[in-house]
Each structure stands twice: as C-alpha cells, then as structure tokens.
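Below is one structure, written out as structure tokens; comments come after it.
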Amino acid sequence: MTKLDRRRFIGGATALAAGGMPRLAQAQDKSITVTAFGGVWEEAVRKCFVAPFEAKTKAKANVSLGGPPQWLAQVEANPKKPPVDVLIMTPDLALTAAKAGLVDDFTVEKLPNLAKTPKELTDSVMGKGTLFDYGVGGITFNKNRVKTPPKSFAEFVDRVAKGEFVASVPSISYAVTPIMLIWAMAKAFGGGTENVDPFFKAMEKMKKNLVFWAGPNDFFNHLSSGEAELGIYFDGRTWNHYDSGATWIDFINPSEGGSLNGVAVQKPVNADPLAWDYINEVLDAKNQTLFADIMNYGVTNTDVVYSDKLKPRITPWQQTQFPPYEEIAKVRNDWVNRWNREIGR
C-alpha cells in the first residue's frame, strides 16, 4: 500500500469512526423530515437527494412542502425538538436562523462533500449552512421581437427609456425584487445597499415603458402575448420555459453581472443527526448534476460537470454579483416603503 493509499484508508476509517457508521447503523426504521418547494422542486428533491439518502441509510426522508418563512417559524417555535431536520432557506432567512443560534455549524468533518463547495458560499451564511443551488437575475427576451438584445443593465435602461421596448420587471410584491432588481440595478449604476438612488432614477426614466409581474408566470405571459418584449427574470425559469416549447425565449447575464440568488441548506440545532447524511447527499456532485439537469439552475459542487445542453445556460457564480444579503436585510423595509411611495406598483 502506497503512502497516499494508506492516508486515504486511514482518513476514511477515521471519518467512519467519527460518526458515519453509527448513524448508518442506527438508521434502520428511522425517519427524518426534510423540506422542499412544491412542483418540479419537490420532484427533483425526491429524485436527487431523498432517493440516494434512503438507499444508503435505509432510513426514510419525509418531505415537508412549503416555504422558508414557514419552516423557520416552526423551528423557532420548538428549537429543542424541531419539527423539520433539514431546512431549505433563502440566504436572508438563513442568516436570520444563524444569528438566532437556531442552526448548526457546517464542517467537513460532518459533511465530507462540503470540501467541494467554495468557501465563499458557506461564509455567506456565517458557516451555519451553505448555498447548494442558485439562479441569476438577468435579462430575458423574446428572440422574435428583440433581434439585438441589450447586453448590460445600462443598455437595458437606455433602450427601454427611449421606447424601443416595453419591459416587464418584478413588482415589489415579489419576494426577491429587492435583491434581483433594486440592489442589482443600483449596483450596476454605482450604488449599492447604502445608496439605491441610481435604481429609482433608472425606474423614473423607464416608467412609461414598464409593466410589472407579481409571479413568474405573469412575466412569461407578458412576453408570449407581446405585452412586453423583454424584462428582468431568472435564468433557470427562462430555460424551463424553453424546454417546455417556448423556443423563442432567451437569457443574457448582464455585463455588470446579474444578482446571484442562492438557496441555502441548513440543519437545525437538535435535529436528528441523520440530517448530516442527507445534507451530504445534497452536496454530492453526482446528485447535484442530476438536480441541475432537472431544474436548469447552477449548483455549487466544484466537481459537477454540466451536460452539453446545460453548460451554455449556466452562469458561473463568479460572473454574478454576490448580494450582501445581511446588509440588504437591514434596509429592505426602507426600500419597500420608498418603492410604494415613488413607484406604487
């Protein structure tokens, strides 16, 4: 046995001794509760994460459908015996859970696959979780009506303001609008969390040629009906429409970088230790590759190799603008109030 082989053998044995084997041995007839959004998200979670977890541990992973505010409230209400063992969270709520001491630290000792997740994505939620999936908020357009699409936020604003296009943008009722639109556009024009004046000035310029979407299907209807020619939307949802037959749709990551809108996974304090085995499956390269193929969104394990179909669709996270989620959370309500005063829709 070579030194390298011997080191790997010892390292593997140490990892098992540290808790891998006891958890697996105790998994018979056990179950945990994990979380998922509905629709295709649930299907992907069951296929990509639940199935391999159950196959390896012989334990059951029950899927609780809903959303991050609901799941966080459940954990807050009963932190000593949380009703869910694995949380799927938006980064802002992941930070809320981290600051409140409701979730455990993530380490490579607990999660071997964490070693393949860029540290920046774990640090973004204070090391008490990590991002495993992300979308990019950029420019989606109807190729039949927009032959030369804008390549930047600056060009987008200029051409919409001149009346060349009608643009569909998310309304303030959409939860991610403060990140994907307000912050991203303010950042593109030299502002940021401390100064969103550039965003509101841009909206004032474009206001005669804007329509607003409250949900993702509204945006698609705007583009398919001709009510708008382009707008601010997510890459993954764009490609889901394309794969469903809307081959006239396309997406561009603005040259300034669209906002990275991540999804975090966390383990509540006092949750079943089997949650670590499940989360390790969430961070696994093979499982994430399958998840990306289903969802059309980027994933974070550095060993993932996207298919030929998916590779040109995925924006590397390094080419996005990484939102300061914690800082945005502090000023979010002020932004919403200002939107209601100045834009009103």
Side-chain angles (χ1 to χ4, degrees), residues 23-24 26-106 110-111 113-114 117 125 128-135 174-176 215-216 236-237 240 261-284 287-288 290-292 294-295 297 299-300 325:
R23 288 205 300 269
L24 297 178
Q26 295 168 9
Q28 293 285 353
D29 302 322
K30 290 202 67 173
S31 66
I32 62 172
T33 299
V34 303
T35 50
F37 305 121
V40 67
W41 244 93
E42 178 192 0
E43 298 170 20
V45 163
R46 289 186 182 279
K47 184 174 184 178
C48 303
F49 308 140
V50 170
F53 165 79
E54 293 183 341
K56 288 183 181 179
T57 65
K58 309 306 178 188
K60 175 73 174 173
N62 300 307
V63 179
S64 172
L65 300 181
Q70 166 197 337
W71 299 320
L72 180 58
Q74 290 174 343
V75 173
E76 285 176 323
N78 195 0
K80 292 184 178 179
K81 193 175 181 180
V84 295
D85 299 294
V86 177
L87 291 167
I88 297 298
M89 304 294 279
T90 54
D92 56 338
L93 290 182
L95 283 165
T96 298
K99 290 178 179 178
L102 294 171
V103 289
D104 281 326
D105 291 317
F106 272 28
K110 298 170 185 173
L111 299 164
N113 285 324
L114 186 66
T117 301
V125 289
K128 294 180 178 292
T130 194
L131 305 189
F132 74 94
D133 167 62
Y134 67 91
Y174 188 63
V176 190
R237 286 191 178 274
N240 286 337
N261 297 270
V263 178
V265 59
Q266 295 180 299
K267 176 191 172 293
V269 173
N270 300 317
D272 193 308
L274 274 170
W276 293 123
D277 296 88
Y278 179 85
I279 295 170
N280 202 48
E281 295 300 323
V282 173
L283 303 181
D284 177 80
N287 298 340
Q288 285 196 4
L290 181 58
F291 189 82
I294 295 172
M295 297 300 300
Y297 280 112
V299 287
T300 58
Y325 298 111

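- With values rounded to the nearest 0.5 angstrom, Met295 atom CE is found 6.5 Å from Asn240 atom CG.
- Judged by distance alone, the side chain of Asn287 and the main-chain N or O of Glu281 form a donor-acceptor pair under 3.5 Å.
- When all heavy atoms of Tyr325 and Gly262 are compared, the closest pair comes out as OH-N, 3.4 Å.
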**Study point:** Residue pair Phe291, Asp284: steps toward the side chain to side chain contact (heavy atoms under 4.5 Å, CB included) verdict
**Key:** CA-CA 10 Å; Phe291 189 82; Asp284 177 80; over 6 Å; no
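- In Lys47, the NZ atom is not crowded: 12 or fewer heavy atoms of neighbouring residues, nucleotides or ligands sit closer than 6.0 Å.
- Within the model, atoms CG of Asn280 and CG of Asn113 stand 4.0 Å from one another, a figure rounded to the nearest 0.5 Å.
- A search for ring-ring contact (aromatic ring centres under 6.0 Å, His included) contacts involving Tyr297 returns nothing, not counting sequence neighbours.
- Under the rule for a salt bridge (charged side-chain N to carboxylate O under 4.0 Å, His left out), the partners of Asp104 that lie at least two apart in sequence or sit in another chain are Lys267.
- The heavy-atom pair separating Leu111 from Phe106 by the smallest distance is CD1-CD2, 3.5 Å.
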Exercise for review: Could you please spell out the steps behind the side chain to side chain contact (heavy atoms under 4.5 Å, CB included) verdict for Ile294 and Cys48?
Suggested key: CA-CA 9 Å; Ile294 295 172; Cys48 303; 3.8 Å; yes
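- Nearest approach of Pro82 to Val75, heavy atoms of both residues: CB-CG2, 4.3 Å.
- Every residue two or more places apart in sequence or in another chain that forms a ring-ring contact (aromatic ring centres under 6.0 Å, His included) with Phe53 is listed here: Tyr278.
- No salt bridge links Glu54 with Lys58; every basic N to acidic carboxylate O contact stays at or beyond 4.0 Å.
- One distance of note links OG1 of Thr300 with OH of Tyr134; it measures 8.5 Å at 0.5 Å rounding.
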Practice item. Give the C-alpha distance, both sets of side-chain angles, the deciding distance and a yes or no for side chain to side chain contact (heavy atoms under 4.5 Å, CB included) between Thr130 and Leu114. Key: CA-CA 8 Å; Thr130 194; Leu114 186 66; 4.1 Å; yes
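- Looking at Val63 and Arg46, their side chains come closer than 4.5 Å, going by heavy atoms from C-beta outward.
- No side-chain donor-acceptor contact under 3.5 Å links Asp105 to the backbone of Lys128.
- Paired with Asp272 under the rule side-chain contact (heavy atoms from CB on, under 4.5 Å), one option of Asp85, Val84, Val86 passes, and it is Asp85.
- The shortest non-hydrogen separation linking Ala275 to Ile32 is CA-CD1, 4.2 Å.
- Of all the heavy atoms in Glu42 and Leu65, the pair that sits closest is OE1-CD1, 3.4 Å.
- Taking CG of Leu72 as the reference point, atom CG of Leu87 lies at 7.0 Å (rounded to 0.5 Å).
- No side-chain heavy atom of Pro268 sits under 4.5 Å from any side-chain heavy atom of Leu102.
- Counting heavy atoms from C-beta on, the side chains of Val265 and Ile88 come closer than 4.5 Å.
- Atom CD1 in Ile279 sits 11.0 Å away from atom CG in Leu274 (nearest 0.5 Å).
- With a 4.5 Å cut-off on side-chain heavy atoms, Trp71 and Thr33 do not count as touching.
- The heavy-atom pair separating Val45 from Thr35 by the smallest distance is CG1-O, 4.5 Å.
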